[in-house]
There are 2 protein chains.
Amino acid sequence: MSPRTDADELTERPRVPLSRRRVLRAAVRLADRDGLESLTMRRLAQEVGVEAMSLYHHVANKEAVLDGVVEVVLDEIMTAVREAEAPPPERDWRAALRARILAARDVLLRHRWAPGLLGARTTMNPVVIAYYDQVVGLLRAGGFSFDLAHRALHVLGSRALGFAQELFQPGEAQPADAATAEQMADRFPNLAGMLADAVHDDPDGTLGFCDDQFEFEFALDLILEGLERRRAAGA
Amino acid sequence: MSPRTDADELTERPRVPLSRRRVLRAAVRLADRDGLESLTMRRLAQEVGVEAMSLYHHVANKEAVLDGVVEVVLDEIMTAVREAEAPPPERDWRAALRARILAARDVLLRHRWAPGLLGARTTMNPVVIAYYDQVVGLLRAGGFSFDLAHRALHVLGSRALGFAQELFQPGEAQPADAATAEQMADRFPNLAGMLADAVHDDPDGTLGFCDDQFEFEFALDLILEGLERRRAAGA
DNA sequence: ACCTGAACACCGTTCAAGT
DNA sequence: ACCTGAACACCGTTCAAGT
């Protein structure tokens, strides 16, 4: 590679030519840092030290950028899943699938904007197809009929890829003062009771009322257990 | 205002004054007809026969329009859920919840753009809170502890509101010819096997390979069964 | 082959002006 | 009180022109 100046080191390095790969990695970096709404063609160009129109030599259009960004994240997921420690599915398909899904989830937690984008993409992504093919293979090795494996894909849905399926985004949930808290208890007595119950268990307060990881695993285990029950029943 | 022509009668009717309610109902109509991406302030104004800037007298900004649109759909869901025929939860909480969720799903199927929008909204919507409060109340009446009801909300996730959680959007899935089909069988042997198996059961072809309603109910029943098992075990 | 500047057709939104 | 036209700061994208 060619020599570079201090400025190059710090900001851009125009010497290494632009490429699709470099554009997409910059897009992921931009979304990680500033959020998905900041990912515009103009800001992306700025991120790689080029004018906006230059991007069109490496990607067809913005849609292609979003597809590419999804691709990068999915590749990251596939790598994480491949390296996840898990028993062979022939011995314990539930543990095998569980480990893979939790590995996928770890990746998504590093790109919080990704689930929304992945969910919006309706086009069949080859990487996603390959992933679901692996899941079906795992289930087959675990003794599933093709038919029940099909059911399983639908039950798991995007959870198979580690999607959190959260109820709400955390934050901005606390009532401002005791008055509004009381008002809330009036309007939503059941939720208020649930919250009070949780506080009783954990006197530190409502902190950790929803432990995302715990909830994710509880849901996952319930689903896997239901699937195992049907598999064993020969469904 | 000036006298009007026949065209006025047919398209707009400026006589009934603009209102927040009228703007939001027009927005839902526009999204239903042309898709969510067509819902711009300018086109929405056109839909109600007014200039874009007039909208700002009735809604704060576009974000408020989207919030309002969500509100309209949620109101529709709440009405459908309220009118759903269901046993009292004290007698059969599973049937009670199942009927309500399927009623909610019916509404969402009439506004196919709504799940994406509802999913993107992270702010706590009062109507959603009220709905989840009702679900917790139902579970309580069915014998749930607050703690397990809390778990239940997370397991159900947006499925409690009738979200389909589909794997892919239908369409554009068929391989173009036999060659690519064979190629697909090579790359994704498990999915190919699954598809072949389904074709065997239903010789009419791959039509209805994924019966959305069936899959939704299968998943829902599996989840409800897992919850009932935990409730009965006194979790 | 790769990059660019100017331009176009769209956005959401502000503001001063109309009635 | 309600609506409007012109304008601003942004989009994605096209196109002809540069090297």
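In what follows, chains carry the letters A, B, and so on, assigned in the order in which the sequence lines appear, proteins first and then strands, with residues in each chain numbered from 1.
Rounding to the nearest 0.5 angstrom, the gap separating the CG atom in B/Leu55 from the CD atom in B/Glu47 is 11.0 Å.
Residues B/Ser158 and B/Leu118 form no side-chain contact, since every pair of their non-hydrogen atoms from C-beta on lies 4.5 Å or further apart.
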Show your working on salt bridge (Lys or Arg N to Asp or Glu O under 4.0 Å) between B/Glu83 and B/Arg100 and close with a plain yes or no.
CA-CA 9 Å; B/Glu83 293 172 355; B/Arg100 280 171 176 79; over 6 Å; no
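D/dC15 and C/dG5 make up a base pair, with Watson-Crick or G-U wobble contacts both under 3.5 Å.
For B/Arg105 and B/Phe216, the positive end sits near the middle of the six-membered ring, less than 6.0 Å away and at most 45° from its axis.
In B/Arg25, the CZ atom is not crowded: 12 or fewer heavy atoms of neighbouring residues, nucleotides or ligands sit closer than 6.0 Å.
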How would nucleotides 1-14 of chain C be written as a contact map, 5' to 3', with B for base contact, S for sugar-phosphate-only contact and - for no contact, using protein heavy atoms under 4.0 Å?
-BBBBBB---BBBB
